[in-house]
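Order of appearance sets the numbers: ligands from 1, and atoms from 1 within every ligand.
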Amino acid sequence: MIQVQNLSKSFQNIDAVNDISFTIEKGEIFGFLGPNGAGKSTTLHMMSALLKSDTGTIHIEGKNSHENAEAYKHLIGVVPQEISLYEDLSAYNNLIFWGKLYRIPPRKLKDSIHTTLELIGLLDRKDDLIKTYSGGMKRRINIAAALLHNPKVLLMDEPTVGIDPQSRNHIFEVIETLNAQGMTIVYTTHYMEEVERLCDRIAIIDSGKIIAQGTQSQLKELVQTKENIQFEFHSLSETHVTQLRQLLPYTMTHTKNKLLVESTVNELSTIITASNKLQLQIKDIHLNKVNLEAIFLSLTGKQLRD
Ligand code: ADP
């Protein structure tokens with residue numbers, strides 16, 4: 001549905017986006033994960049037709065933003081990072097304003113406002129002035145504004161930055177509902193947990209380049225690190241370790257009272273049973289998962305969040 005090829009954009013001497021290519025299928029939630037300054041917003045601005053690329057092409061359902069500007073604009077709904085609402089107008093009147101910009105006929109617009117307000121859970125607050133809204137509620141109105149013309153693709157730029165956990169969950173639920181209705185969603189964030197929860201496929205972006213892309217399990221295969229469980233016992237002798245090795249088929253590394261077992265959480269009960277058999281007392285258990293944070297570190301040598 002979306003094809004992006006060899007897209008680049010520089011600002012003065014900064015290569016904000018440097019020759020990136022990706023495709024997104026209809027109905028996918030596609031995530032861009034990367035630290036601040038990675039090039040996520042610049043990519044989204046170009047996809048939103050708000051910024052012209054230096055090189056490369058973007059097609060959505062075969063249309064590009066230069067040759068088919070109007071058709072392209074109607075295919076996409078854009079949720080920008082900055083709140084773009086009038087504080088002294090009610091939520092309803094803000095949405096009327098946005099709908100008029102899209103030239104939605106009045107009757108259709110009223111229906112559309114009702115549906116989107118219901119979707120984002122703010123129908124009962126529609127007549128309140130935006131200045132009385134929390135940051136999270138304003139973000140939800142921003143999402144409603146992007147949906148009024150019934151787009152096929154929703155482009156969301158870090159929609160949960162700086163908002164309370166309740167609004168964040170609300171936004172996740174809205175995204176999941178929209179996706180279940182067939183909406184294709186492009187989502188940028190620097191929060192690993194968000195892409196892990198929401199996204200079918202992920203592009204990891206750093207310094208303007210996509211350094212890896214795929215499903216979560218495909219990305220996990222890229223790194224050498226294996227999921228492991230760290231046990232701490234009250235006391236662990238060499239003899240105990242030898243006995244554990246005889247009982248368990250996993251690779252184990254042992255230092256003092258700690259034992260690192262290369263296995264997944266599914267095998268936890270087997271390991272505990274073996275420990276009990278040897279009358280070993282467990283002091284602490286820690287599961288080291290291979291998550292997107294670990295993948296980012298392994299690929300770039302940097303933390304996702306500085
Ligand atoms: P992200 O969204 O991942 O935080 P951005 O796309 O906003 O990253 O920025 C990528 C890089 O491009 C950064 O180094 C940023 O400072 C730079 N940049 C973005 N927009 C502009 C601009 N309008 N003028 C100059 N530099 C910019």
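For ligand 1, the atoms lying closer than 4.0 Å to a non-hydrogen atom of Ala16 are 10 (C), 11 (C), 12 (O). Listed by atom number, the atoms of ligand 1 under 4.0 Å from Pro35 heavy atoms are 3 (O). Annotation for ligand 1: atoms under 4.0 Å from non-hydrogen atoms of Asn36 are 4 (O).
Ion pairing between a basic and an acidic side chain is recognised when a charged N comes within 4.0 Å of a carboxylate O; Lys283 and Glu232 show such pairing.
Checked against a 3.5 angstrom limit, the closest N/O atoms of Glu158 and ligand 1 fall outside it. In terms of polar-atom proximity, Phe11 is not counted as a contact of ligand 1, lacking any N or O under 3.5 Å from an N or O of the ligand. Taking only nitrogen or oxygen atoms, main chain and side chain alike, Lys40 reaches within less than 3.5 Å of ligand 1.
With respect to atom 8 (O) of ligand 1, the closest heavy atom belonging to the protein is Gly39 N, 3.1 Å. Nearest to atom 4 (O) of ligand 1 among the protein's heavy atoms is Gly37 N, 2.7 Å. What sits closest to atom 16 (O) of ligand 1 on the protein, heavy atoms only, is Ile14 CD1, 4.6 Å. Nearest to atom 7 (O) of ligand 1 among the protein's heavy atoms is Ser41 CB, 3.7 Å.
For atom 10 (C) of ligand 1, the nearest protein heavy atom lies closer than 4.0 Å. For atom 14 (O) of ligand 1, the nearest protein heavy atom is under 4.0 Å away.
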Check the pair Asp54 / Ser8 against side-chain hydrogen bond (donor to acceptor under 3.5 Å, both in side chains), numbers first and verdict last.
CA-CA 6 Å; Asp54 295 338; Ser8 294; over 6 Å; no
Start with the C-alpha distance between Asn291 and Glu193, add both sets of side-chain angles, then the distance that settles side chain to side chain contact (heavy atoms under 4.5 Å, CB included), and finish with yes or no.
CA-CA 9 Å; Asn291 55 26; Glu193 303 81 6; over 6 Å; no
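Between Arg168 and the options Glu194, Arg139, Glu173, a side chain to side chain contact (heavy atoms under 4.5 Å, CB included) holds for only Glu194. The side-chain hydrogen bond (donor to acceptor under 3.5 Å, both in side chains) test with Asn228 singles out one residue from Thr253, Thr264, Asn288, and that residue is Asn288.
Heavy atoms of Thr42 found under 4.0 angstrom from ligand 1 belong to the backbone as well as the side chain.
Annotation for Lys220: atom NZ counts as buried by contact number, over 12 foreign heavy atoms lying within 6.0 Å.
Distance check: Met192 CE to Phe296 CZ gives 12.5 Å after rounding to the nearest 0.5 Å. Atom CD in Gln243 sits 7.5 Å away from atom CG in Leu247 (nearest 0.5 Å).
Here Tyr187 and Phe32 keep their ring centres 6.0 angstrom or further from each other.
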